[in-house]
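Note that the structure is a prediction, hence the values are computed from the model and not measured. Within every chain, numbering begins at 1; the chains are lettered A, B, ... in the order of the sequence lines, protein sequences first and strands thereafter.
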Amino acid sequence: MDYYTAFAISGSGMAVEKLRLDVTAVNIANANSSRGADGTLYRPLRVVTSMRVDPRFEDALRAYGVPLGGVQVDEIRPTDAPPRVLYEPGHPDADDRGYVTVPGINPVTEMVSLMVATRSYQANVVALNAAKFMAQRALEIGGTR
Amino acid sequence: MGLTELTGVTGAMLKLALDAASVRHMVIANNIANANTPDFVPSRVEFEEHLAAAAARDGAYGARLTRPVSPVIVPDPQALDPVQARVQLDVEVAQLSQNTLQYQALTRGVRARMDMLQTVIGGGNP
C-alpha cells in the first residue's frame with residue numbers, strides 16, 4: 001500500500017479545514033469593522049474547494065481510473081451579504097444621520113462554519129490515524145511475536 | 001519461486017484482499033477530505049462481488065484465478081439520489097473503521113500463513 005498517498009489525501013483535507021477555520025475567525029474578528037483594508041467595506045469570506053487532481057497520484061489514476069488527490073482550495077470568495085447598519089451617532093465613520101455601516105456577518109452562520117470545519121478536521125485526523133494503524137499492522141507481517 | 005508459489009491460493013487471496021482494503025482506505029480518505037466540496041460525489045470500492053464472480057467462474061478453491069481480480073472504484077450508487085448526494089461523515093468514518101479492522105484481520109491471516117511455513121521449514125520442530 002502506498003501510504004504516502006493516504007497521508008497526503010488526509011493532510012490536504014486537514015489543511016483545507018484549517019484554512020476554513022482561519023477564514024471564519026477573520027470574519028468574526030471583522031464583524032464590527034466599519035472600514036475595510038482597501039477603503040471598501042469588508043465582506044464575509046467563504047472558502048471554495050474542489051477535488052484535487054495531483055500529478056503525484058497518477059499511479060492511482062492509471063490503476064483505478066479515479067484521481068485520488070484529496071482536496072484543494074479554489075478561491076476565498078467574498079459573499080454578497082448585505083451590510084448591517086447600526087445607529088451610532090458620534091462614531092468617526094457615522095454618516096450625516098448617525099448610521100454606521102458594518103459588514104453583514106451573521107454570527108450564527110459563522111459559528112456553524114466553525115463547527116463544520118472542526119468536525120471535518122477531526123474526521124480527517126481519524127482517517128490519517130487509520131492509515132498509520134494499517135501501516136503498522138503491515139509492518140508486523142513476518143515479524144516475530 | 002515467488003511468494004505465490006510459497007503461500008498458495010490462500011496467500012494470493014490474502015494479497016488481493018489486502019490491496020483492495022488499502023485502495024478502499026484511500027477512497028474513504030478522499031471522500032472525507034472532500035466532505036465540504038460542492039458537487040462532490042463520494043466514491044465506493046467494489047471488490048468482494050468481483051472476487052465472488054471470479055471464484056464462481058474459476059472454482060472457489062481453484063489453484064489460480066484465470067483473470068486477475070482488482071478493486072473497481074465507482075461513484076456511490078446512493079449518490080444518484082439528490083438527497084443523498086453528499087458525503088455523510090458518520091457513514092464514511094464507520095466504513096473506515098470497518099475497513100481498518102478488515103485490514104488487521106487480513107494481516108493476521110498473512111502472519112498465520114507465514115508461521116505455518118516457518119513450522120514446515122523447521123521440520124516441525126518448534
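If you measure heavy-atom distances from B/N99 to chain A, the contacts under 4.5 Å come from the side chain alone. Contact of A/V126 with chain B is made through backbone and side chain together, with heavy-atom distances under 4.5 Å. Using a 4.5 Å cut-off between heavy atoms, B/V27 touches chain A through backbone and side chain atoms alike.
Of all heavy-atom pairs between A/A130 and B/T100, the closest is CB-OG1, 3.6 Å. When all heavy atoms are compared, the tightest approach of B/A33 to A/G13 is CB-CA, 3.9 Å. Residues B/S22 and A/M134 approach most closely at CA-CE, 4.2 Å, considering heavy atoms. The nearest pair of heavy atoms linking B/Q104 to A/R137 is CG-CD, 3.5 Å. Summarising the geometry of B/L96 relative to A/A127, their closest heavy-atom pair is CD2-CA, 3.4 Å, with the distance given to 0.1 Å.
In this structure, CE in A/M14 is found 12.0 Å from CD1 in B/I32, a value given to the nearest 0.5 Å. To the nearest 0.5 angstrom, B/E92 atom CD is 11.0 Å from A/N124 atom CG. One finds the CG atom of B/D39 at 13.0 Å from the CE atom of A/M51 (value rounded to the nearest 0.5 Å). Between the CG atom in B/D90 and the CZ atom in A/R119 there is a gap of 13.0 Å [rounded to 0.5 Å]. Residue B/T107 holds its OG1 atom at 5.5 Å from CD1 of A/I141, rounded to the nearest 0.5 Å.
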*Passes side-chain contact (heavy atoms from CB on, under 4.5 Å), B/L89 versus A/Q122? Steps please.*
CA-CA 10 Å; B/L89 272 185; A/Q122 278 181 335; over 6 Å; no
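Cluster membership check: B/V91 does not share its hydrophobic cluster with B/I28, using side-chain heavy-atom separations under 4.5 Å among Ile, Leu, Val, Met, Phe, Trp and Tyr. Cluster annotation: A/V16 and A/I76 are assigned to the same hydrophobic cluster (Ile/Leu/Val/Met/Phe/Trp/Tyr, side-chain heavy-atom contacts under 4.5 Å, transitive). There is a path of hydrophobic side-chain contacts, each under 4.5 Å, that joins A/V71 to A/V23. In the hydrophobic clustering of this structure, A/F133 does not group with A/L128; members are Ile, Leu, Val, Met, Phe, Trp, Tyr whose side-chain heavy atoms approach within less than 4.5 Å, directly or through other members. Taking hydrophobic clusters as Ile, Leu, Val, Met, Phe, Trp and Tyr residues chained together by side-chain heavy-atom distances below 4.5 Å, B/V120 does not share a cluster with B/M116.
Two residues are said to be in side-chain contact when any heavy atoms from C-beta on lie closer than 4.5 Å; B/N34 and A/S50 fail this criterion. Side-chain contact between A/E17 and B/N36 is present, with at least one heavy-atom pair separated by less than 4.5 Å.
The number of heavy-atom neighbours closer than 6.0 Å to CD of A/Q136, taken from other residues, nucleotides and ligands shown, is above 12. Around atom CZ of A/R84, more than 12 heavy atoms belonging to other residues, nucleotides or ligands sit under 6.0 Å away. Within a 6.0 Å sphere centred on CD of A/E75, heavy atoms belonging to other residues, nucleotides or ligands number more than 12. Heavy atoms from other residues, nucleotides or ligands lying under 6.0 Å from CG of A/D38 number more than 12.
Contact annotation for residues 97-111 of chain A against chain B (heavy-atom separation below 4.5 Å): no residues qualify.
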